[in-house]
Amino acid sequence: METASVSLMWFRKGLRIHDNPALEYASKGSKFLYPIFVIDPHYMEPDPRASSPGSIRAGLNRIRFLLESLVDLDLSLKKLGSRLLVLKGEPSEVLIQRLKEWDIKKLCFEFDAEPYYQALDIKVKNYASAAGIEVFSAVSHTLFNPSDIIQKNGGKPPLSYQSFLKLAGEPTWASSTLSIASSLLPPVGDVRINEFSEVPTIKELGYGDYEQEESTPFKGGESEALKRLRESINNKEWVANFEKPKGDPSAYIKPATTVLSPYLKFGCLSSRYFYQCIQDVYKNVKKHTSPPVSLVEQLLWRDFYYTVAFGTPYFDQMKGNRICKQIPWNDDEELLATWREARTGFPWIDAIMVQLRKWGWVHHLARHCVACFLTRGDLFVHWEKGRDIFQRLLIDSDWAVNNGNWLWLSCSSFFYQYNRIYSPTSFGKKYDPNGNYIRNFLPVLKDMPKEYIYEPWTAPLSIQTQAKCIIGRDYPKPVVCHGSASKECKRRLAEAYALNRQMNGQVSEEDLRNLRRKLEDDKDQESKSRRQRQKTD
DNA sequence: TTCTCGTTGTAAAG
DNA sequence: CTTTACAACGAGAA
């Protein structure tokens with residue numbers, strides 16, 4: 001467009017220079033280019049009532065990661081003769097105001113499939129089209145456009161990974177050259193405002209009190225992302241032989257996976273560039289692992305969840321969610337709190353929850369263990385509760401992927417073999433028989449002999465005394481007996497599944513209430529008859 | 001309608 | 001170290 005000489009690049013995710021079609025389009029033929037990021041106070045401001053340091057929605061680790069990513073983006077833009085303008089306020093209001101004030105002719109941003117951004121984009125697009133502003137929104141966060149896949153499948157998202165792969169095929173850009181190297185950007189025009197500033201610090205946002213606290217070892221930003229990518233890719237052998245289920249969840253000094261997920265979440269790393277880098281390695285080695293456990297397949301899983309999430313109303317809740325089994329989860333706040341605060345009494349579970357809180361990242365198998373334990377494995381707490389805590393604490397928490405995984409792990413969708421339960425004691429033992437991971441994240445157990453470290457409540461009192469850790473005083477007793485709790489969970493799931501089948505997926509709230517009552521009655525009956533048996537024995 | 005198969009279970013047995 | 005019983009689900013294909 002000839003008249004589009006003043007452009008605005010709206011950064012949300014996609015915090016990178018490389019493979020950024022929206023940025024590229026924004027700078028093409030523009031006299032001035034305004035690159036902006038809008039800080040939504042709702043996302044960033046401290047919330048004193050939150051269950052961990054951070055805002056109402058995000059833990060401090062992720063806020064810090066985002067700020068680091070913004071600082072890095074600003075530096076990169078400066079090298080290209082531009083800079084990042086950081087604004088504050090409700091994003092659509094702030095944006096529309098700037099479109100007017102700067103007389104923008106071309107608005108560019110990366111397409112985002114999340115409901116939050118979909119709603120936001122409608123507001124902004126409505127204004128833009130009324131004002132005659134050209135809007136360019138590029139699909140570059142994921143490998144595929146979720147709409148394309150859903151369309152190919154007759155309007156419904158595929159519900160199994162295999163059918164997703166068939167529909168997806170090779171990405172259209174697989175063998176084309178992505179724009180990685182960057183050229184100089186048009187200058188920022190006259191900004192004429194003073195309410196924006198440099199990227200704020202954690203302290204400026206009001207988190208001064210937490211500066212000394214242990215925080216995530218992973219630093220945000222595109223530079224860091226590309227450095228990490230190089231490190232992973234340079235080890236061709238490792239890339240070629242990667243098998244996700246064989247990774248060690250207890251490895252924390254050198255994690256078993258790439259830890260590129262937080263960079264993908266914020267778009268510091270382009271998933272498409274990552275994909276091409278892995279393919280390059282595959283071309284140069286004799287053989288490599290194949291689906292669905294290979295490294296490149298991990299990226300496709302992310303797209304799978306994005307696709308289903310985009311095509312499923314109420315994807316992030318049980319009620320009204322077409323693909324989610326209706327299950328009478330309990331609402332036990334105390335059980336939830338023991339899990340959240342790492343005091344379930346199962347060291348493997350608690351250590352993972354400590355790492356999650358401190359680092360904002362844990363290995364995916366560790367996520368499986370604690371998610372299973374909270375929901376269908378032991379505590380039978382609603383998956384939405386666990387999802388909320390993950391969403392808050394993870395630096396890589398991604399709406400589609402996080403919700404998808406909780407649906408999976410709780411046997412609410414995608415995966416239904418509820419008999420397969422991760423043992424909170426023996427699963428970790430397989431990888432880390434000495435319990436080094438537990439000793440590191442739960443120092444109170446650091447002197448517990450390895451024979452007892454996964455089940456410290458079974459240690460004789462003399463051993464507990466020697467280890468300076470009395471169970472029930474220094475470290476909690478287990479909150480449930482895994483054997484009986486998991487058995488009870490299986491029974492409830494069997495009943496809930498039967499109800500869902502019987503009602504053909506149309507389970508009402510009353511049906512669920514009735515089932516909950518029935519399960520309680522059965523439980524009372526069971527314990528009564530057990531007492532009876534004990535009496536007669 | 002029936003069949004196959006599913007990214008990542010456990011414990012016991014061979 | 002590998003195989004098997006456990007108990008059994010749903011999506012998608014045939």
Side-chain angles (χ1 to χ4, degrees), chain A residues 149-150 152-154 156-168 241-251 255-258 261 288-305 307-308 311-312 321-327 346 348-349 352 362-373 375-378 401 404-431 433 454-455 482-505 507:
Chain A
I149 306 224
I150 292 169
K152 270 192 201 168
N153 198 39
K156 281 188 174 177
L159 296 178
S160 75
Y161 180 61
Q162 291 305 331
S163 60
F164 166 81
L165 285 185
K166 267 185 207 160
L167 290 162
N241 295 321
F242 182 89
E243 277 184 69
K244 202 161 188 193
K246 296 209 173 138
D248 179 354
S250 68
T257 50
T258 59
S261 55
H288 59 84
T289 45
S290 51
V293 292
S294 67
L295 188 54
V296 76
E297 295 286 309
Q298 305 315 309
L299 277 169
L300 289 158
W301 274 97
R302 175 170 172 270
D303 265 60
F304 168 63
Y305 284 130
T307 304
V308 184
T312 308
N321 182 346
R322 191 174 62 79
I323 67 166
C324 179
K325 288 248 177 295
Q326 304 298 304
I327 295 167
F346 290 94
W348 172 245
I349 300 295
I352 293 167
V362 294
H363 187 274
H364 78 112
L365 281 179
R367 300 182 196 202
H368 283 210
C369 286
V370 295
C372 178
F373 183 84
T375 57
R376 68 182 169 86
D378 292 85
V401 179
N405 276 319
W406 277 94
L407 284 165
W408 184 293
L409 263 302
S410 65
C411 279
S412 296
S413 197
F414 309 119
F415 175 81
Y416 307 95
Q417 284 163 272
Y418 54 76
N419 290 302
R420 297 186 180 176
I421 291 174
Y422 292 92
S423 164
T425 55
S426 47
F427 188 83
K429 234 183 266 181
K430 280 192 297 199
Y431 299 93
Y454 284 88
E455 297 120 311
H482 174 65
S484 50
S486 59
K487 223 171 135 188
E488 172 68 10
C489 285
K490 284 186 231 179
R491 190 179 71 85
R492 291 182 185 199
L493 276 167
E495 297 259 13
Y497 269 41
L499 178 65
N500 278 266
R501 211 176 318 129
Q502 186 194 324
M503 304 303 291
N504 211 0
V507 179

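Sequence lines set the chain letters: A, B, ... in the order given, protein chains first and strands last, and positions in each chain run from 1. All of these numbers come straight from a predicted model, not from anything done at the bench.
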Item to check | OP1 or OP2 of C/dA11 under 4.0 Å from side-chain N/O of A/Ser163 | outcome: no

Checklist entry - Picking from C/dA8, C/dG10, C/dG12, which would you name as closest to the side chain of A/Pro158? => result C/dG12

Next on the checklist: Measuring only the P atom in each nucleotide, how far is B/dT7 from C/dC6? A whole number of Å is fine.
Outcome noted: 25 Å

Checklist entry - Name the stems that DNA chain B belongs to, where each is three or more consecutive Watson-Crick or G-U pairs with both distances under 3.5 Å? => result B:1-6 with C:9-14, B:9-14 with C:1-6

Checklist entry - Under 4.5 Å between any side-chain heavy atoms of A/Pro157 and A/Ile149, yes or no? => result no

Checklist entry - Roughly how many Å is it from CG in A/Asn419 to P in C/dC6, rounded to a whole number? => result 12 Å

Next on the checklist: From CG of A/Leu365 over to P of B/dT8, roughly how many Å is that when rounded to an integer?
Outcome noted: 10 Å

Checklist entry - Taking CD from A/Gln417 and C1' from B/dT7, how many angstroms apart are they, rounded to a whole number? => result 12 Å

Checklist entry - Is a side-chain N or O of A/Thr425 found less than 3.5 angstrom from the main chain of A/Glu455, in a donor-acceptor match? => result no

Checklist entry - Which value, in whole Å, describes the distance between the P atoms of nucleotides C/dA8 and C/dG12? => result 24 Å

Next on the checklist: Is there a side-chain contact between A/Gln162 and the phosphate of C/dA13, meaning an N or O under 4.0 Å from OP1 or OP2?
Outcome noted: no

Checklist outcome for this item: Here the gap from A/Thr312 atom OG1 to A/Ile150 atom CD1, rounded to the nearest 0.5 Å, amounts to 7.0 Å

Checklist entry - With centres under 5.5 Å and planes under 30° as the test, does A/Trp301 stack with B/dT7? => result yes

Item to check | Between B/dT8 (C1') and A/His363 (NE2): distance, integer Å | outcome: 10 Å

Checklist outcome for this item: From CG of A/Leu165 across to P of B/dT7 the rounded distance in Å is 9 Å

Item to check | Nearest-angstrom distance, P atom, B/dG6 to C/dA7 | outcome: 23 Å

Item to check | Atom pair NE2/CG of A/His363 and A/Asp248 - distance to nearest 0.5 Å | outcome: 7.0 Å

Checklist outcome for this item: Separation of C/dC9 atom C1' from A/Arg501 atom CZ, nearest Å, is 8 Å

Checklist entry - To the nearest angstrom, how far is A/Phe415 atom CZ from C/dA7 atom P? => result 17 Å

Checklist entry - Are A/Arg492 and A/Glu495 within salt-bridge range, i.e. N to O under 4.0 Å? => result no

Checklist entry - Aromatic rings A/Phe427 and A/Tyr431: how do their planes relate, parallel, tilted or perpendicular, breaks at 30° and 60°? => result tilted

Next on the checklist: Strictly distance-based, threshold 3.5 Å: is any side-chain N or O of A/Arg367 a donor or acceptor partner for the main-chain N or O of A/Val362?
Outcome noted: yes

Checklist entry - Just one of A/Phe373, A/Tyr454, A/Tyr422 clears the ring-ring contact (aromatic ring centres under 6.0 Å, His included) bar with A/Phe346, so which one? => result A/Phe373

Item to check | Interatomic distance, A/Ile327 CD1 vs C/dC9 C1' [rounded to whole Å] | outcome: 12 Å

Checklist entry - What is the distance from atom CH2 of A/Trp408 to atom OH of A/Tyr305, rounded to the nearest 0.5 Å? => result 5.0 Å

Pull out every protein N or O sitting under 3.5 Å from an N or O of nucleotides 10-12 of chain B, one pair per line with the distance.
residue : atom : partner  : partner atom : Å
B/dT10  : OP1  : A/Ser423 : N            : 2.7
B/dT10  : OP2  : A/Lys430 : NZ           : 3.2
B/dA11  : OP2  : A/Ser426 : OG           : 3.0

Checklist entry - Going through the checks in order, is the side-chain contact (heavy atoms from CB on, under 4.5 Å) test met by A/Phe164 and A/Asn153? => result CA-CA 9 Å; A/Phe164 166 81; A/Asn153 198 39; over 6 Å; no

Checklist entry - Does B/dG6 have OP1 or OP2 sitting under 4.0 Å from an N or O in the side chain of A/Arg420? => result no

Next on the checklist: Once you apply a heavy-atom cut-off of 4.0 Å, does A/Arg367 come out as touching a base, just sugar-phosphate, or nothing?
Outcome noted: nothing

